[in-house]
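Below is one structure; the comments refer to it alone.
The structure presented is a predicted model; accordingly, all values stated were derived computationally and were not measured. Residue numbers start at 1 and run along the sequence shown.
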Amino acid sequence: MGMVVIHHKVNDFASWKPIYDKHAEARKAAGLTKDHVLQSVNDRNAVTVIMDFSDASKAKAFAASANLKAAMKLAGVVGKPAIHILKKVT
């Protein structure tokens, strides 16, 4: 069990969010659950997404996928996102 944490800037949050929402099936297919979308209190276009996963290899494949890159480009992600695949320590 772990989490995927994605930090990125977007051109416009109001334009980004509907495209993020339409990408839900791809996240589900990758085994990602319990997504949280967060905005910086100082910059509404600085977005962090946190999701749970149970299969690290599927989470890594999703993070590296051309599908995710295309969705991010379409949604107006600016620059290179920071994507972290983290495992839970007990």
Side-chain angles (χ1 to χ4, degrees):
M1 177 86 159
M3 293 181 166
V4 176
V5 179
I6 302 172
H7 301 284
H8 51 45
K9 292 275 289 181
V10 299
N11 285 321
D12 176 59
F13 182 83
S15 298
W16 172 86
K17 183 68 163 68
I19 296 168
Y20 172 83
D21 291 342
K22 288 180 184 175
H23 202 240
E25 283 302 314
R27 293 190 300 276
K28 183 178 178 181
L32 301 173
T33 62
K34 299 181 184 174
D35 62 323
H36 300 275
V37 175
L38 308 160
Q39 291 175 295
S40 167
V41 296
N42 297 319
D43 179 358
R44 66 177 280 121
N45 293 321
V47 179
T48 299
V49 177
I50 302 171
M51 299 167 281
D52 286 353
F53 69 82
S54 57
D55 184 328
S57 62
K58 286 176 77 174
K60 288 177 186 178
F62 174 81
S65 72
N67 181 278
L68 178 60
K69 290 180 177 103
M72 287 184 165
K73 183 176 180 178
L74 180 65
V77 171
V78 178
K80 184 176 179 181
I83 302 175
H84 306 279
I85 311 291
L86 308 168
K87 67 178 181 175
K88 190 170 185 173
V89 178
T90 56

Output all residues satisfying side-chain hydrogen bond (donor to acceptor under 3.5 Å, both in side chains) with [X], sequence neighbours left out; order by chain, then residue number.
| X | answer |
| --- | --- |
| Thr48 | His7 |
| Asn11 | none |
| Ser15 | Asp12 |

(message) Side-chain heavy atoms under 4.5 Å apart, restricted to Ile/Leu/Val/Met/Phe/Trp/Tyr: what other residues fall into the cluster of Leu74, or is it alone?
(response) Ile19
(request) Please go through Val78's hydrophobic cluster and name the other residues, only I, L, V, M, F, W, Y counting, with side-chain heavy atoms under 4.5 Å joining them. (result) none
(request) Kindly write out the residues that satisfy salt bridge (charged side-chain N to carboxylate O under 4.0 Å, His left out) with Lys17, not counting sequence neighbours, or none if the list is empty. (result) Asp21
(message) So, using salt bridge (charged side-chain N to carboxylate O under 4.0 Å, His left out) as the criterion, who are the partners of Asp35 when residues are at least two apart?
(response) Arg27
Could you work out, with side-chain contact (heavy atoms from CB on, under 4.5 Å) as the rule, every residue matching [X], not counting sequence neighbours?
| X | result |
| --- | --- |
| Ala64 | none |
| Ser40 | Asn42, Asp43, Ala46 |
| Ser65 | Asn67, Leu68 |

(request) Indicate, with yes or no, if Val49 and Val4 share a hydrophobic cluster defined by side-chain heavy-atom contacts under 4.5 Å among Ile, Leu, Val, Met, Phe, Trp and Tyr. (result) yes
(message) Taking Val77 as the starting point, is it possible to reach Val37 by hopping between hydrophobic residues whose side chains are less than 4.5 Å apart?
(response) yes
Show every donor-acceptor pair shorter than 3.5 Å between a side-chain atom in residues 79-90 and any protein atom, with sequence neighbours excluded, or say none if there are none.
none

(request) Fit a plane to each ring of Trp16 and Phe13, take the angle between them on a 0 to 90° scale, and name the class: parallel (under 30°), tilted (30 to 60°) or perpendicular (over 60°). (result) tilted
(request) Would you please classify the geometry between the Phe62 ring and the His23 ring as parallel, tilted or perpendicular, with 30° and 60° separating the classes? (result) tilted
(message) Tell me if the NZ atom of Lys9 is crowded by more than 12 foreign heavy atoms within 6.0 Å.
(response) yes
(request) Start with the C-alpha distance between Tyr20 and Val47, add both sets of side-chain angles, then the distance that settles side-chain contact (heavy atoms from CB on, under 4.5 Å), and finish with yes or no. (result) CA-CA 11 Å; Tyr20 172 83; Val47 179; over 6 Å; no
(message) If the condition is ring-ring contact (aromatic ring centres under 6.0 Å, His included), which residues does His36 pass it with, not counting sequence neighbours?
(response) none
(message) Could you measure the distance from the CE atom of Met3 to the CE atom of Met51? Nearest 0.5 Å is fine.
(response) 11.0 Å
